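When a residue number appears, it is its place in the shown sequence, counting from 1. Since the structure is predicted, the reported quantities are computational estimates derived from the model, not experimental observations.
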Amino acid sequence: MSTNAADPLVALGGLPGVPDAVDSVRKAVDRVYGHRVMRRRSNEITSEAALRGARGSAALSGADWALEEVRRRTDFGSEPEARTVGAALRLTAEAGQLLSIWRQSPLRVLARLHLVAAADAGDAVGRPRLAGESVDEPLIELALPDADEVAGRLEGLSRLIIAGGSAPALVTAAIVHGELLALRPFTSHNGLVARTAERIVLIGSGLDPKAVCPSEVGHAELGRAAYAAALDGYVSGTPQGMAAWITHCGKAVELGVRESTAVCEALQRGAA
């Protein structure tokens, strides 16, 4: 994440293709919020979006379960994939409780998210990894920054979030998501935490205040290969690479919107 501008996130919003992505996302979100079902049954759409978002995030972390299996299952502690799905569900539920803290103390929120995801009392839970500690994140095959770099870049990310600014919500969400994936600051569950942080930004920014546009659904639909390729662009730090990552995140939000629009249509027909 590098730029010489006074407000780095605003500068990133001006990259080629990014303004179009921001505008497209805004229009898509407005359309689903204008759906007649949203005016009467928004709580149901929010609940369904949370479930589908958790399923999508778990799929990107290697637990690609059918939606109905996620809906039906009650035991999430029996084997690795079940624990991944359980962690994704817990994080989605927790996200809404942390919105007021995020803008004042994002690092505290990230620590809480890792604690919720890991769901154990190990020494490495709820804090950034230390020098020499390994990371269990097999689906992200990037070079791993050392602990000192992680600490410095997390502080920088925290300052940007606390300072606020006028950058579009999509840009801020994409940068938070990409930076956490690039750093993998925790010993485990970094992908799940990164996608939940993206969700928090989209909700807290006012773009998606009712949490009905699950970007995790879109990321899963676009596939792991496209996700990894877009992340490579982010890590490259080039304008083209950064723009590709932000627009990829924009497509994910739009696919999340499409998913919730389909839920609205099903409810309108009385089929869900």
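Atom-to-atom distance recorded for Leu12:CG and Leu170:CG is 11.0 Å, nearest 0.5 angstrom. In this structure, NE2 on His219 lies 8.0 Å from CG on Leu60, to the nearest 0.5 angstrom. Rounding to the nearest 0.5 angstrom, the gap separating the OG atom in Ser188 from the CG atom in Asp136 is 6.5 Å. Atoms NE2 and CG, from His248 and Leu222 in turn, are 5.0 Å apart once rounded to the nearest 0.5 Å. In this structure, Ile45 CD1 and Glu259 CD are separated by 11.0 Å, a value rounded to the nearest 0.5 Å. Here Glu69 contributes atom CD and Glu81 contributes atom CD; the two are 10.0 Å apart, rounded to the nearest 0.5 Å.
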* **Residues Arg71, Glu68; criterion salt bridge (Lys or Arg N to Asp or Glu O under 4.0 Å); working and verdict** => CA-CA 5 Å; Arg71 197 190 303 279; Glu68 291 311 312; 3.1 Å; yes
* To do: Go through the steps for Glu254 and Arg258 under the test salt bridge (Lys or Arg N to Asp or Glu O under 4.0 Å), then give the verdict.
  => CA-CA 6 Å; Glu254 291 191 60; Arg258 188 178 71 179; over 6 Å; no
* Run the side chain to side chain contact (heavy atoms under 4.5 Å, CB included) check on Asn190 and Leu180 step by step: do they pass? -> CA-CA 7 Å; Asn190 290 285; Leu180 292 174; over 6 Å; no
* Determine, step by step, whether Tyr33 and Ser42 satisfy the side chain to side chain contact (heavy atoms under 4.5 Å, CB included) criterion, reporting the C-alpha distance in whole Å, the side-chain angles of both residues, the deciding distance to 0.1 Å, and the verdict. => CA-CA 9 Å; Tyr33 271 81; Ser42 64; over 6 Å; no
* To do: Take Leu113 and Phe186 through the test side chain to side chain contact (heavy atoms under 4.5 Å, CB included) and record every step on the way to the result.
  => CA-CA 10 Å; Leu113 292 176; Phe186 303 108; over 6 Å; no
* To do: Verify side chain to side chain contact (heavy atoms under 4.5 Å, CB included) between Arg199 and Thr92, making sure each step is shown before the conclusion.
  => CA-CA 8 Å; Arg199 166 181 282 266; Thr92 301; 4.0 Å; yes
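The nearest pair of heavy atoms linking Val257 to Cys213 is CG2-SG, 3.6 Å. Counting all heavy atoms, side chain and backbone alike, Leu139 lies closest to Gly62 at CD1-N, 3.4 Å. Closest approach of Val125 and Ala118 over heavy atoms only: CG2-CB, 3.8 Å. Residues Arg52 and Val263 come closest through the heavy atom pair CZ-CG2, 3.6 Å. Across all their heavy atoms, Ile175 and Trp245 have their closest contact at N-NE1, 4.5 Å. Taking all atoms of both residues into account, the shortest heavy-atom contact from Leu192 to Ala87 is CD1-CB, 3.8 Å.
Judged by distance alone, the side chains of Ser260 and Glu48 never bring a donor and an acceptor atom under 3.5 Å apart. No donor-acceptor contact under 3.5 angstrom links the side chains of His189 and Ser61, judged on distance only. Counted by atom type alone, Ser215 and Glu198 present one or more donor-acceptor pairs between their side chains at under 3.5 Å. There is a side-chain donor-acceptor pair under 3.5 Å between Arg195 and Ser57.
By the 4.5 Å heavy-atom criterion applied to side chains, Met38 and Thr261 are not counted as neighbours. Using a 4.5 Å heavy-atom cutoff, the side chains of Tyr234 and Met242 are in contact. Under the 4.5 Å side-chain criterion, counting only non-hydrogen atoms from C-beta, Pro145 is in contact with Arg184. Counting heavy atoms from C-beta outward, Leu89 and Leu51 have side chains that approach closer than 4.5 Å. Counting heavy atoms from C-beta on, the side chains of Glu155 and Leu107 come closer than 4.5 Å.
Under a hydrophobic-cluster definition in which Ile, Leu, Val, Met, Phe, Trp and Tyr are linked whenever side-chain heavy atoms come within less than 4.5 Å, directly or via other members, Val135 and Ile140 are assigned to different clusters. Residues Ile203 and Val193 fall within the same hydrophobic cluster, defined by Ile, Leu, Val, Met, Phe, Trp and Tyr side chains chained together at heavy-atom separations under 4.5 Å.
Remark: Arg73 CZ is packed, more than 12 non-hydrogen atoms of other residues, nucleotides or ligands lying under 6.0 Å away.
Within the 3.5 Å criterion, the main-chain N or O of Glu179 finds no donor-acceptor partner in the side chain of Arg153. Side-chain N or O atoms of Ser47 include one that pairs as donor or acceptor with a backbone N or O of Asn43 at under 3.5 Å. Counting only distance, with no hydrogens or angles, the side chain of Ser24 and the backbone of Ala21 share no donor-acceptor pair below 3.5 Å. Judged by distance alone, the side chain of Arg55 and the main-chain N or O of Leu67 form no donor-acceptor pair under 3.5 Å. With hydrogens and angles disregarded, a donor-acceptor distance shorter than 3.5 Å links the side chain of Ser205 to the backbone of Leu207. Listed for the Asp23 side chain is no donor-acceptor partner under 3.5 Å among the backbone atoms of Val25.
With respect to Pro168, the side chain to side chain contact (heavy atoms under 4.5 Å, CB included) criterion is satisfied by exactly one of Val10, Val22, Leu9, Ile246: Val22.
The residues Glu133 and Arg127 are annotated as salt-bridged, a charged nitrogen and a carboxylate oxygen being separated by less than 4.0 angstrom.
Ring geometry for Tyr227 against His177 counts as tilted: the plane angle lies between 30° and 60°, on a 0 to 90° scale.
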